[in-house]
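Just so we're on the same page: letters track the sequence lines, and every chain starts at 1.
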Amino acid sequence: MERNDLEKIRLEKIESMRAAGIEPYPTTADYTHRNQEAIQAFEAAEQIVGSEPLQATLVGRIRAMRPMGKIAFAHIEDGTARIQLFFRINDIGEALMSRLKEDYDLGDYIEASGHLFRTKTGEISLHVNSFRMLAKAVTPLPAAKDEEVDGKIVRHATLNDPEMRYRQRYADLAVNPEVREIFKIRTKTIRALQQFLDERDFIEVETPILQPIYGGAAARPFVTFHNQLKQELYLRISFELYLKRLIVGGFDRVYEIGRDFRNEGVSFKHNPEFTQIEFYMAYANYHSIMELTENMVAYVCDQVLGSRTLQFRGNTLDVTPPWRRMELRQGLIESTGIDINEHLTGESLEAAMKAKGYAFKPTSPRGKLIDSLIGDYLEPSLIQPTFLYDYPRDISPLAKSKPGDPTMTERFEGFMAGMELCNAFTELNDPLDQEQRFLEMGRDYESDDEERHPMDEDYLRAMSYGMPPMGGFGMGVDRLVMLLTNQQTIREVLLFPHLRKLEE
RNA sequence: GGGCGCGUAGCUCAAUGGUAGAGCAGUGGCCUUUUAAGCCAUUGGUUCAGGGUUCGAGCCCCUGCGCGCUCACCA
């Protein structure tokens with residue numbers, strides 16, 4: 001590994017420590033408090049007049065160092081808080097004082113013992129009487145110094161280049177506290193989703209990621225190969241068909257939170273792998289799922305943000321139920337002037353779009369044209385939480401038809417901030433209709449081979465055993481986290497977003 | 001995949017086609033309550049890579065690589 005000059009200096013320090021009989025990477029670390037606990041314990045002890053000084057051993061990473069001759073200050077940081085260390089030659093002696101100056105750098109991990117006190121300026125600090133190296137850092141962290149302003153750590157000249165931040169996320173996290181906050185919110189979000197569903201008797205399950213037949217969405221899959229079985233396998237593009245098999249099996253309410261993989265374009269809202277939540281609920285339909293959805297998102301906001309409003313791209317979004325409900329057909333009439341019910345074939349709709357001067361991909365099926373109208377003219381205007389409902393049958397192969405209208409299905413999508421958030425429907429449970437839909441999909445997408453929905457005989461068999469009426473739901477968790485953290489790109493809410501491989 | 005933009009010291013950023021700089025970090029020194037500590041001194045560069053134009057290229061041109069934005073794609 002190539003080392004730059006700064007690293008070489010630190011490597012020399014490691015050698016000199018070892019020469020002096022000091023192990024820069026000891027196997028143990030001791031502490032009496034985590035930093036936050038120490039601060040709280042000190043504040044509590046302070047209230048009691050005449051209490052003994054609070055002894056503590058603390059650990060953490062050195063984030064700032066201010067040697068001043070015969071005294072020195074440092075700030076260390078663990079996973080809970082930042083705290084100041086105070087070193088004085090009177091307490092630690094000349095030898096340790098010079099070791100401190102010689103051996104210790106920003107980024108090193110240190111263990112320090114002493115008593116807690118307040119400095120002249122009132123900052124709670126550890127008055128150190130002994131300390132040792134816990135782990136020497138060879139590479140300097142990509143940040144200058146930090147300071148505390150109103151309780152918040154402000155780090156100066158810190159890692160900023162997005163490419164390096166994503167490629168070296170460890171350094172990004174180590175140096176940018178606000179990035180760590182995003183991922184704490186992400187974890188809380190997932191926990192809140194689980195709590196919400198668990199409280200309603202859903203059970204969380206795990207279904208195959210490697211699948212012999214992919215399905216449940218229209219997307220290109222990643223293909224892989226099992227050597228011993230000599231069998232092609234696909235990374236799942238959705239959980240849908242497996243979760244609904246479980247409903248047939250008698251689990252009335254199931255959900256899964258996990259990774260989907262789609263072999264498609266990468267953008268600010270698309271990563272090749274992304275986290276999805278899907279749930280299925282027997283004896284529910286899309287109306288009850290709508291209610292459940294708005295309550296679930298409101299619950300998550302309560303738990304994660306402590307508020308039902310959130311800021312996103314300069315908009316204040318209010319997720320308080322009930323959300324606006326808008327029939328898709330009506331929404332399109334208002335936003336485009338086209339009534340899709342008057343254009344029941346792709347040709348007719350294409351002509352209408354052409355007449356209005358709307359962009360479209362020629363010879364697309366009707367459903368795809370409608371989809372592009374939504375995406376171009378309706379979706380961007382849906383800022384406050386909105387459900388669009390009743391979607392065309394030909395882009396909803398797993399949704400149940402609307403009674404009395406063979407062209408429509410009981411399906412809705414939820415939108416916020418001009419972005420699609422979730423997709424749900426009354427699930428199709430008629431095995432003969434389902435078989436017909438698979439055949440239609442195969443026909444419609446013949447030209448676009450990779451994206452066509454493959455026939456899944458086993459899924460049809462499961463349905464043939466008898467599938468209860470039910471509602472199902474899917475949501476991109478990453479997009480929800482983007483909304484909750486006001487992040488404009490999915491890469492900011494993925495710990496390790498996909499980046500192109502670098503040539504060595 | 002198309003279009004536009006970007007790539008300079010460890011980090012953040014400067015530099016009309018004319019000697020590549022600053023702050024922080026680092027190194028040496030002074031400094032016993034500092035907090036982006038301060039003061040003095042100082043090291044550090046294949047300007048993403050490769051070609052070209054030019055007396056001379058970080059800057060202009062071409063190719064490649066990577067990233068960003070955007071379009072296409074995307075239930």
From the candidates B:G66, B:U12, B:G68, the one with an atom nearest any side-chain atom of A:N160 is B:U12
Closest to the side chain of A:E264, out of B:C74, B:U12, B:A75, is B:C74
B:C13 -> Watson-Crick or G-U wobble partner, both distances under 3.5 Å, gives B:G21
Using Watson-Crick geometry (N1-N3 plus N6-O4 or O6-N4) or G-U wobble (N1-O2, O6-N3), each under 3.5 Å, B:U8 is paired with none
Check your understanding: Can we say A:E163 and A:R500 salt-bridge, meaning some charged N sits less than 4.0 Å from an Asp/Glu carboxylate O?
Key -> no
Closest of B:C69, B:C73, B:G66 to the A:R220 side chain is B:C73
Among the nucleotides B:C31, B:U12, B:U32, whichever has the atom closest to the side chain of A:K101 is B:C31
Which of B:U27, B:C11, B:C31 is nearest the side chain of A:P142? It is B:C11
The nucleotide from B:G26, B:U34, B:C74 with an atom nearest the side chain of A:L6 is B:G26
Checking B:C74, B:A37, B:U33 against the side chain of A:F86 (C-beta onward), the nearest is B:U33
Problem set entry | Centroid-centroid under 6.0 Å between A:F425 and A:Y391 rings | no
> Looking only at N and O atoms, is any donor in the side chain of A:E123 or the base of B:U33 less than 3.5 Å from an acceptor on the other one?
Replying inline: no
Answer for the Watson-Crick or wobble partner of B:U53, both distances under 3.5 Å, is none
- Query: Got a donor-acceptor pair under 3.5 Å from the side chain of A:D5 to the base of B:U43?
  - Reply: no
Check A:R245 with A:D456, please: is the shortest side-chain N to carboxylate O separation under 4.0 Å? yes
Of the listed B:A75, B:U27, B:C69, the closest approach to the A:T489 side chain comes from B:C69
Electrostatic pair A:D478:A:K269 at N-O distance under 4.0 angstrom | no
Walking RNA chain B from its 5' end, the first of A:F268 and A:K120 to be reached, judged by nearest nucleotide, is A:K120
Of the listed B:G10, B:U33, B:G68, the closest approach to the A:I71 side chain comes from B:U33
Assign A:K13 to base, sugar-phosphate, or nothing according to its heavy-atom contacts below 4.0 angstrom with the strands shown. sugar-phosphate
Across every strand shown, the nucleotide meeting Watson-Crick or G-U wobble geometry with B:G38 (both distances under 3.5 Å) is B:C30
If pairing means Watson-Crick or G-U wobble with both distances under 3.5 Å, then the partner of B:C74 is none
- request: Between B:C48 and B:G10, how far apart are the P atoms? Round to whole Å, please.
  value: 12 Å
Regarding A:R167, tell me which of base, sugar-phosphate or nothing describes its non-hydrogen contacts under 4.0 Å with the strands shown.
sugar-phosphate
Exercise. Would you mind checking if A:R180 and A:E77 are paired as a salt bridge, meaning a charged N to carboxylate O distance below 4.0 Å?
Key: yes
Applying the 3.5 Å cut-off to both distances, the Watson-Crick or G-U partner of B:C69 turns out to be B:G3
When both distances are under 3.5 Å in a Watson-Crick or G-U wobble arrangement, the nucleotide paired with B:G45 is none
When A:E420 and A:N90 are each assigned the nearest nucleotide of RNA chain B, the 5'-most assignment goes to A:N90
Can A:K368 and A:D371 be counted as an ion pair, charged N to O under 4.0 angstrom? no
Checking B:U33, B:G68, B:U27 against the side chain of A:I9 (C-beta onward), the nearest is B:U27
Base, sugar-phosphate, or nothing for A:I89, non-hydrogen atoms under 4.0 angstrom?
-> base
